[in-house]
2 protein chains.
Amino acid sequence: MRARMGNEVVVGIEDDGERREEDDFDLKSFLPYLLNQAAEQAGTSFQRIYKARYGMLRTEWRVLFHLGRYGPMTAKAIGLRTRMHKTKISRAVAALEARRYLTRTELENDRRLERLELTAAGRKAYEDLSRHAREHDAELMAQFSPQEQDVLRRCLGQLAGF
Amino acid sequence: MRARMGNEVVVGIEDDGERREEDDFDLKSFLPYLLNQAAEQAGTSFQRIYKARYGMLRTEWRVLFHLGRYGPMTAKAIGLRTRMHKTKISRAVAALEARRYLTRTELENDRRLERLELTAAGRKAYEDLSRHAREHDAELMAQFSPQEQDVLRRCLGQLAGF
DNA sequence: TCCTATTGGTTGTAAATGTAACTAACAAGA
DNA sequence: TCTTGTTAGTTACATTTACAACCAATAGGA
């Protein structure tokens with residue numbers, strides 16, 4: 001079993017017959033891997049924006065977005081829409097509240113629930129970030145044809161379970 | 001500003017005109033979000049397999065896969081292929097070594113490098129898991145037409161930077 | 001009413017990750 | 001040789017996440 005590994009960059013593929021040649025399965029074509037790498041790549045550049053500008057985490061940005069886009073709602077409602085675990089939401093809400101981006105109001109008919117609502121500052125952050133998000137989305141999509149864009153969104157939506 | 005939040009399931013969309021109507025931008029069509037949700041969904045079901053059967057993490061499965069599929073190589077080489085951070089790789093390798101799935105051999109021409117190679121047990125795990133991966137991939141893709149599959153793989157590959 | 005189950009939300013703890021600092025080995029010039 | 005810089009890999013620490021236990025409020029009977 002020769003190794004072919006010097007001190008130069010080694011991609012590391014053996015060619016000594018030990019490799020099963022009928023095996024054409026590659027990580028690069030494995031859908032979960034592809035999705036993951038694409039998501040990481042696409043997510044990172046946008047993350048830089050909300051992290052640098054507002055010191056937010058992804059969970060916080062999502063909660064902010066939901067409240068900004070769809071109006072006041074309870075944490076439970078956010079959970080139903082995003083499938084984020086309730087502990088994530090709880091902590092994101094706490095962080096946003098600490099930074100005065102939202103307020104909570106106990107509901108009178110069920111005191112377990114809280115109405116979450118953006119403050120003016122929260123709304124401003126949402127407006128700013130959603131503008132950036134839109135731009136970012138457009139940039140990412142620009143490299144594809146309209147048909148590709150359509151297929152991509154539909155397939156991903158289906159995979160995501162929307 | 002009415003809130004429409006009773007104790008039943010509330011999706012939480014306000015319809016009181018506060019919403020900017022020209023704003024048709026939705027999280028569900030935001031590519032990074034879509035990618036993330038799809039990746040999480042697709043990843044979770046496969047994760048169950050390698051987690052339940054071998055108690056592995058995703059990083060460990062990836063290292064195992066690389067060594068199984070492409071043969072012995074150094075940690076550095078794995079890093080170049082997967083873009084995983086070297087600390088992740090270091091820990092994954094340590095975990096796989098502890099479970100006797102791989103061995104390390106210092107290279108004689110550069111003692112900083114280690115040749116990583118699967119043991120028989122490691123190879124067996126790889127064979128088993130890659131079979132499952134293939135199945136899983138096929139299942140996921142089965143819901144799409146051949147053209148869609150093609151577009152999907154190409155676009156994702158491009159987004160991932162392959 | 002009381003009892004039990006369920007629900008919305010929070011908190012504690014362990015596991016996983018990111019970042020930076022570190023060690024040891026090599027490289028390249030003076 | 002010595003010095004400086006770079007590289008492969010590990011370790012330490014802080015941040016983030018997952019999971020389970022928990023609390024308080026409500027619901028739905030007996």
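Just the heavy atoms: all of them, side chains too, but no hydrogens, waters or symmetry mates, feed the values below. In what follows, chains carry the letters A, B, and so on, assigned in the order in which the sequence lines appear, proteins first and then strands, with residues in each chain numbered from 1.
- The main-chain N or O of K86(A) is never found under 3.5 Å from a side-chain atom of S90(A) such that the two would form a donor-acceptor pair.
- Within 3.5 Å, a donor on the side chain of R91(B) pairs with an acceptor on the base of dG18(C), or the reverse.
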**Message:** For a salt bridge (charged side-chain N to carboxylate O under 4.0 Å, His left out) check, start with the C-alpha distance between R154(A) and E148(B), then their side-chain angles and the critical distance, and finish with the verdict.
**Reply:** CA-CA 10 Å; R154(A) 272 191 303 102; E148(B) 286 173 329; 3.0 Å; yes

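- OP1 or OP2 of dG18(C) has at least one side-chain nitrogen or oxygen of K88(B) nearer than 4.0 Å.
- The listed nucleotides are dT11(C), dG8(C), dT26(D); the one nearest the side chain of D110(A) is dT26(D).
- Note on K76(B): a side-chain N or O is less than 4.0 Å away from OP1 or OP2 of dA8(D).
- In this structure, L57(B) reaches the sugar-phosphate backbone alone: every heavy-atom distance under 4.0 Å involves primed, P, OP1 or OP2 atoms, never a base.
- Note on R104(A): only backbone sugar-phosphate atoms sit closer than 4.0 angstrom, heavy atoms only; bases stay farther off.
- Where K86(B) and R58(A) each meet DNA chain D at their nearest nucleotide, the meeting point lying more 5' is that of K86(B).
- When the side-chain nitrogen and oxygen atoms of R112(B) are compared with OP1 and OP2 of dC26(C), none of them lie within a distance under 4.0 Å.
- The phosphate of dT10(D) (OP1 or OP2) has a side-chain N or O of S90(B) nearer than 4.0 angstrom.
- R62(A) forms no cation-pi arrangement with Y33(B), by the criterion of a distance under 6.0 Å to the ring centre and an angle within 45° of the ring axis.
- In this structure, K124(B) places its NZ atom where only 12 or fewer heavy-atom neighbours from other residues, nucleotides or ligands lie under 6.0 Å away.
- Rounded to an integer number of Å, the gap from CZ of R83(A) to P of dA18(D) is 15 Å.
- Between R111(B) and dC26(C), a side-chain N or O to OP1/OP2 separation shorter than 4.0 Å is present.
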